[in-house]
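Because the structure is a prediction, the values reported are computed rather than measured. Ligands are counted one by one from 1 in listed order, and the atoms in each one are counted from 1 as well.
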Amino acid sequence: MRRSGDSGSTWRIGVLFSQSGVTADIERTQFHGTLLAIEEINAAGGVNGHLIEPVALDPASEPARFRALAERLLDDERVEVIAGCYMSSTRKAVLPLLERRNGLLLYPTLYEGFECSRNAVYTGAAPNQNGRQLADYLVGHYGARIYMVGSDYIFPHEANRIMRDLIAQRAGKILAEKYVPLDAVGKDFTAIMRDIRRKQPDVVFSTVVGQATTHLYHAYAEAGFDPVRMPIASLTTTEVEIDAMGVAAATGHLTAAPYFESLDSEANRRFVTSYRRRFGEGERTNASCEAAYFQMHLLAQALARAGGMETERVRTALLGLEYDAPQGRVRVDPDNHHTYLWPRVGRVGADGRFDIVAAADRAVKPDPYRINHDVSGASGEPKPWPAEV
Ligand code: ACM
């Protein structure tokens, strides 16, 4: 039975971002980034005369629900392409289904790497596009004695495994690796704060996600730790989590990502202005929202080339495509279905915005399997990092 995602004059895209549950705040911005791009595409006449129609469902931050709703989108709604997923546990829940039905997942979230599906295009950062740069920055500016705390699911365990390697390569040491439940609250961090006080690391590396992020940073501030001397460094604490926790608890802490709302470029100013006009002046963009936005524009280009929704043709058309995203020009790498992105490190200023303290001078090729482990530059691999700004 063939799907087409084609209902007459519209081309339909499945959209799976949570509106409820522990990661709803960040996923809502991914949903909004997706909608904004679709509205822009449609306002410009659609693709080859077809309007794009999102078919959006709420998977409630639950892997089993992601899987059930992906099945509904593929089998009942007959879509071929799904934009969605934040937590890696939810991506892992839907990907086997897309592989079996030969659909395409557009995944706009940083993740742990070590995956390359023919049925996915990954537009968030792989570890060589955020973790590597963060490790360099931390060791260069704060020290290499690292305390790890994360939410208890696949991404934090894998991101910590990779960070452990990166820190070992830089002659550093991991002092502890602790996990809290996905729905952790303040009391879940009490013993960890005591342990941090005892071990006195140079940096706390956080892979806590969702609403628990607020509780971590609040516990840290209440424990009296000074981010100037001992910051929390993260890949997942974005403008959204800063808004949720409040500026006082966030100031001085670090995040590595390819995009920050504070980026000073014409393309980003246009994006932020359109986003606020559409969703409210108080709303803020972030790296996962930006990836959700630009991947939809990449998809529109691919659909125009493919002339329809058929997976094989859309996949072929997506590979190698480029787009002037708010973060800079991005490109889908035909080698591995991930995206060339612009690594950056930001530190939260007193105004709650990220000051960009280090940035690559070009988009970095994704290396999801970390094939290039060289930190010396002796391999001849171009070294676009670090560059102080
Ligand atoms: C994540 O789970 N990839 C943030």
Side-chain angles (χ1 to χ4, degrees), residues 16-18 21-31 33 59-67 70 82-95 98 105-117 120-134 148-163 177 179-184 205-214 216 232-242 244 254-260 286-292 295 336-339 341 343 366-370:
L16 277 186
F17 293 114
S18 303
V22 289
T23 50
D25 286 351
I26 186 84
E27 292 192 55
R28 201 173 296 114
T29 71
Q30 293 179 298
F31 178 53
S61 313
E62 294 287 341
R65 192 151 170 78
F66 267 88
R67 186 183 164 81
I82 295 176
C85 299
Y86 176 78
M87 281 190 280
S88 290
S89 48
T90 66
R91 184 190 72 258
K92 295 277 188 199
V94 306
L95 207 44
L98 283 144
L105 175 69
L106 302 186
Y107 179 55
T109 309
L110 69 118
Y111 87 113
E112 63 279 4
F114 293 87
E115 194 180 283
C116 179
S117 171
V121 171
Y122 306 77
T123 56
N128 78 305
Q129 296 169 313
N130 56 5
R132 177 186 169 181
Q133 293 76 13
L134 187 60
M148 295 172 157
V149 52
S151 299
D152 195 5
Y153 76 103
I154 181 172
F155 162 73
H157 283 270
E158 285 295 293
N160 280 339
R161 182 179 64 77
I162 292 160
M163 186 56 82
E177 183 175 343
Y179 293 94
V180 294
L182 270 170
D183 59 356
F205 176 54
S206 165
T207 47
V208 172
V209 302
Q211 290 162 359
T213 309
T214 289
L216 166 64
I232 301 175
S234 170
L235 309 172
T236 49
T237 301
T238 72
E239 290 81 349
V240 169
E241 288 77 15
I242 292 171
L254 300 160
T255 296
Y259 171 89
F260 294 105
N286 64 79
S288 296
C289 165
E290 188 245 6
Q295 72 176 16
N336 57 40
H337 289 211
H338 290 61
T339 309
L341 300 172
D367 180 13
Y369 288 91
R370 293 203 64 233

**Report entry** Partners passing side chain to side chain donor-acceptor pair (under 3.5 Å) against H338 (at least two apart in sequence or in another chain)
**Finding:** Y111
With the criterion set at N/O pairs under 3.5 Å, what does the list of contacts between the protein and ligand 1 look like, atom names and distances included?
unit_1: ligand 1; atom_1: 2 (O); unit_2: S88; atom_2: N; d: 2.9
unit_1: ligand 1; atom_1: 2 (O); unit_2: S88; atom_2: OG; d: 3.4
unit_1: ligand 1; atom_1: 2 (O); unit_2: Y153; atom_2: OH; d: 2.6
unit_1: ligand 1; atom_1: 3 (N); unit_2: S88; atom_2: OG; d: 3.0
unit_1: ligand 1; atom_1: 3 (N); unit_2: Y107; atom_2: OH; d: 3.2
unit_1: ligand 1; atom_1: 3 (N); unit_2: L110; atom_2: O; d: 2.8

Report task. Can you sort out the partners of A70 under side-chain contact (heavy atoms from CB on, under 4.5 Å), two or more places apart, ordered by chain and number? Result -> L16, I82, V94, L97
Query - Listed partners of N128 passing side-chain contact (heavy atoms from CB on, under 4.5 Å), at least two apart - result: A126, V364, D367
Requested in this report: May I ask you to say whether R91 pairs ionically with E115, meaning some side-chain N is under 4.0 Å from a carboxylate O?
Outcome: yes
Requested in this report: Go through the side-chain N and O atoms of T213 and E241 and say whether any donor and acceptor fall under 3.5 Å apart.
Outcome: no
Query raised in the report: Are T23 and S61 linked by a side-chain donor-acceptor pair shorter than 3.5 Å?
Result: yes
